[in-house]
Amino acid sequence: MKNLKEDCFNPFFSHIYIEKQIRNHPRTQGVLAKFPSASVIEISHYKDVFCRSKQNYQLQHRSQNLILAAKQGALLYKGAPVCQNFGNSNFYYTSCMMNCVFDCEYCYLKGMYPSANIVVFVNLEDIFADVEQMLKKHSLYLCVSYDTDLLALEGILGYVREWCLFTEKHDNLKIEIRTKCANKQFFQNSRPVSNIIYAFTLSPQAVVEACERNTPSLTERISCIAEAIQAGHSVRICFDPMIYLPAWKSHYKEMIDQVGNTIDLNKILDASVGTFRISQDYLKKMRKQEPDSSVVWFPFQRENGFYHYPDALMEQMECFLVEQLQKKMAEEKIFRWRE
């Protein structure tokens, strides 16, 4: 991870808040061992810190703190209609971590959460138990890295490995792990699990530089994808969300050419294409967090509670990218979010 914090701010995870009930949990102890110099503060409930009023999201993101907690209530959620299920029935997601170390300008988490600090739920075993109960009824397609980037914190948490060990025991479970990181070492040292999909989100380098703060470059991500494929892992590439910018056609064509020159796209599981779309409630909050962002202040079209690019532009962008992909991979492997 590059340039995560500036010198004038506190170090990464300089303060760790811990719910009293999980103070002695093995995962809590494992995280604390990695940050021996951190200030540790016990709290009653993570929301006492995470949901405080008048928090400055942008400043917090430059000096994120960590909150360790136990997840209560519902642990599995039905997949949202704006998310792709890739033809899978029983589509759910779960959140074992909230927020992300990356700071993408267009990220819906800015509209979803009141804080930029990161919450990690250490009671992963309870999520596993709920998944197993559901698997007794039917198969499950489960996304475990929607509200965060688990792979980006794998060196601290090890949650991806835990999901790997759990998933390979259940033939009727398929999970997707979405990421923007370029953790080659993980793929070099991990055994492929047939029912785990690693979904890499790619954007043109111009988008990375303009609004995907702290993320690896396009080149680094492509190189990591090549490593994952070489090691035998199942890989999905997500060109989603597509972000409008001047000369977008040339930027997206250049990206697809770079991907195709490095990776045999017929060796990936599939690819997804979708333009930026966002809940109207999230966008309102995002605009407060990003007052100078040309991305979130675009004059979107509103439809059924969501904002998206005007229909003509949305169709033009998605069709263009699909056409570029069809030159390099089988058409049946390309999914558009509205299909």
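The figures that follow rest on heavy atoms only: side chains count, while hydrogens, waters and symmetry mates do not.
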- Task: Verify side chain to side chain donor-acceptor pair (under 3.5 Å) between E209 and Q205, making sure each step is shown before the conclusion.
- Result: CA-CA 6 Å; E209 293 173 0; Q205 185 59 28; 3.2 Å; yes

- What are the two closest non-hydrogen atoms of N123 and A70, and how far apart are they? OD1-CA, 3.5 Å

- Message: Restricting to salt bridge (charged side-chain N to carboxylate O under 4.0 Å, His left out), what partner residues turn up for K180, sequence neighbours left out?
- Response: E212

- Task: Decide yes or no on side chain to side chain donor-acceptor pair (under 3.5 Å) for S190 and R161, but give the supporting numbers first.
- Result: CA-CA 8 Å; S190 298; R161 291 188 188 280; 3.0 Å; yes

- Task: For the pair K253 and D257, find out whether any cationic side-chain nitrogen is under 4.0 Å from an anionic carboxylate oxygen.
- Result: yes

- Task: Check the pair Q60 / Q55 against side chain to side chain donor-acceptor pair (under 3.5 Å), numbers first and verdict last.
- Result: CA-CA 8 Å; Q60 281 184 339; Q55 298 184 76; 2.7 Å; yes

- Message: How close do L151 and N183 get, counting heavy atoms only, and between which atoms?
- Response: O-ND2, 3.7 Å

- Rounded distance [0.5 Å steps], NZ in K267 versus CG in L265: 11.0 Å

- Query: Would you call R213 and D103 a salt bridge, taking side-chain N to carboxylate O under 4.0 Å as the test?
  - Reply: yes

- Mind checking salt bridge (charged side-chain N to carboxylate O under 4.0 Å, His left out) for E125 and listing every partner two or more places apart, or none if nothing turns up? R27

- Pairs in or reaching into residues 188-225: which pass ring pair (Phe, Tyr, Trp, His ring centres under 6.0 Å), with residues at least two apart or in two chains? F186-Y198, F187-Y198, F187-F200, Y198-H233

- Task: Measure the SG-CD1 distance between C104 and I243 for me, rounded to the nearest 0.5 Å.
- Result: 9.0 Å

- Query: Has N266 got more than 12 heavy atoms of other residues, nucleotides or ligands less than 6.0 Å from its CG?
  - Reply: yes

- Query: At their closest point, which heavy atom of C96 faces which heavy atom of L150, and how far apart are they?
  - Reply: SG-CD1, 3.9 Å

- Message: Among residues at least two apart in sequence or on other chains, which ones pass salt bridge (charged side-chain N to carboxylate O under 4.0 Å, His left out) with E318?
- Response: R336, R338

- Query: In the single-linkage hydrophobic clustering (I, L, V, M, F, W, Y; side-chain heavy atoms under 4.5 Å), do L165 and W163 co-cluster?
  - Reply: no

- Message: For N117 versus N99, what's the shortest heavy-atom pair and its separation?
- Response: O-ND2, 2.8 Å

- Spacing of I41 atom CD1 and D48 atom CG [to the nearest 0.5 Å]: 13.0 Å

- Message: I'd like to know if D264 and K328 make a salt bridge, using a cut-off of under 4.0 Å between side-chain N and carboxylate O.
- Response: no

- Is there a side chain to side chain donor-acceptor pair (under 3.5 Å) between N195 and T167 once you walk through the steps? CA-CA 7 Å; N195 45 341; T167 304; 5.7 Å; no

- Query: Any ring pair (Phe, Tyr, Trp, His ring centres under 6.0 Å) pairs touching residues 250-292, not counting sequence neighbours?
  - Reply: F276-F300

- Qualifying residues under salt bridge (charged side-chain N to carboxylate O under 4.0 Å, His left out), relative to R191, sequence neighbours excluded: E168

- Neighbour count >12 (heavy atoms, 6.0 Å) for atom CD, Q29: yes

- Query: Does any non-hydrogen side-chain atom of P216 lie less than 4.5 Å from one of F102?
  - Reply: yes

- Message: Could you check, using the six-membered ring where one of them is a Trp, whether F298 and Y309 have ring centers closer than 6.0 angstrom?
- Response: yes

- Message: I'd like to know if K71 pairs up with D130 as an ion pair, taking the criterion as any Lys NZ or Arg NE/NH1/NH2 lying under 4.0 Å from an Asp or Glu carboxylate oxygen.
- Response: no

- Message: So, taking the atom named NZ in K333 and the one named OG in S272, what distance separates them when rounded to the nearest 0.5 Å?
- Response: 14.0 Å

- Distance col, row I67:CD1 vs H15:NE2, nearest 0.5 angstrom, shows 12.5 Å

- Query: When the ring planes of F121 and Y46 are compared, do they come out parallel, tilted or perpendicular, using 30° and 60° as the limits?
  - Reply: perpendicular

- Item | Test log, rule side chain to side chain contact (heavy atoms under 4.5 Å, CB included), inputs W337 and T275 | CA-CA 9 Å; W337 76 273; T275 44; 4.1 Å; yes

- Taking all non-hydrogen atoms of both residues into account, name the closest pair between P204 and L218 and its distance. CA-CD2, 4.3 Å

- Message: Checking side-chain polar atoms at under 3.5 Å, does S223 have a donor or acceptor matched by the opposite partner on E220?
- Response: no

- Tell me, yes or no, whether the heavy-atom count around E254 atom CD, taken from other residues, nucleotides or ligands under 6.0 Å, exceeds 12. no

- Message: Between F166 and V131, does the side chain to side chain contact (heavy atoms under 4.5 Å, CB included) criterion hold? Intermediate values first, please.
- Response: CA-CA 10 Å; F166 176 78; V131 172; 3.7 Å; yes

- Task: Kindly determine whether R178 and E176 satisfy salt bridge (Lys or Arg N to Asp or Glu O under 4.0 Å), including the steps that lead there.
- Result: CA-CA 6 Å; R178 192 160 295 207; E176 184 206 76; 3.0 Å; yes

- Is the number of heavy atoms from other residues, nucleotides or ligands within 6.0 Å of NZ (K174) greater than 12? no

- Item | E42 atom CD, neighbour heavy-atom count above 12 within 6.0 Å | yes

- Message: Could you check whether atom CD of Q185 has more than 12 heavy atoms from other residues, nucleotides or ligands sitting under 6.0 Å from it?
- Response: no

- Item | Point-to-point distance, once rounded to the nearest 0.5 Å, from CD1 of I334 to CZ of F239 | 9.0 Å

- What is the minimum heavy-atom distance between V31 and L66, and which atoms define it? CG1-CD2, 3.6 Å

- Message: Could you check whether atom CG of D171 has more than 12 heavy atoms from other residues, nucleotides or ligands sitting under 6.0 Å from it?
- Response: no

- Task: Answer whether the closest heavy-atom distance between the side chains of I197 and I177 falls below 4.5 Å.
- Result: no

- Message: Set out, in order, the CA-CA distance, both residues' side-chain angles and the distance that settles ring-ring contact (aromatic ring centres under 6.0 Å, His included) for Y113 and F50, then state yes or no.
- Response: CA-CA 8 Å; Y113 298 138; F50 192 70; 5.5 Å; yes

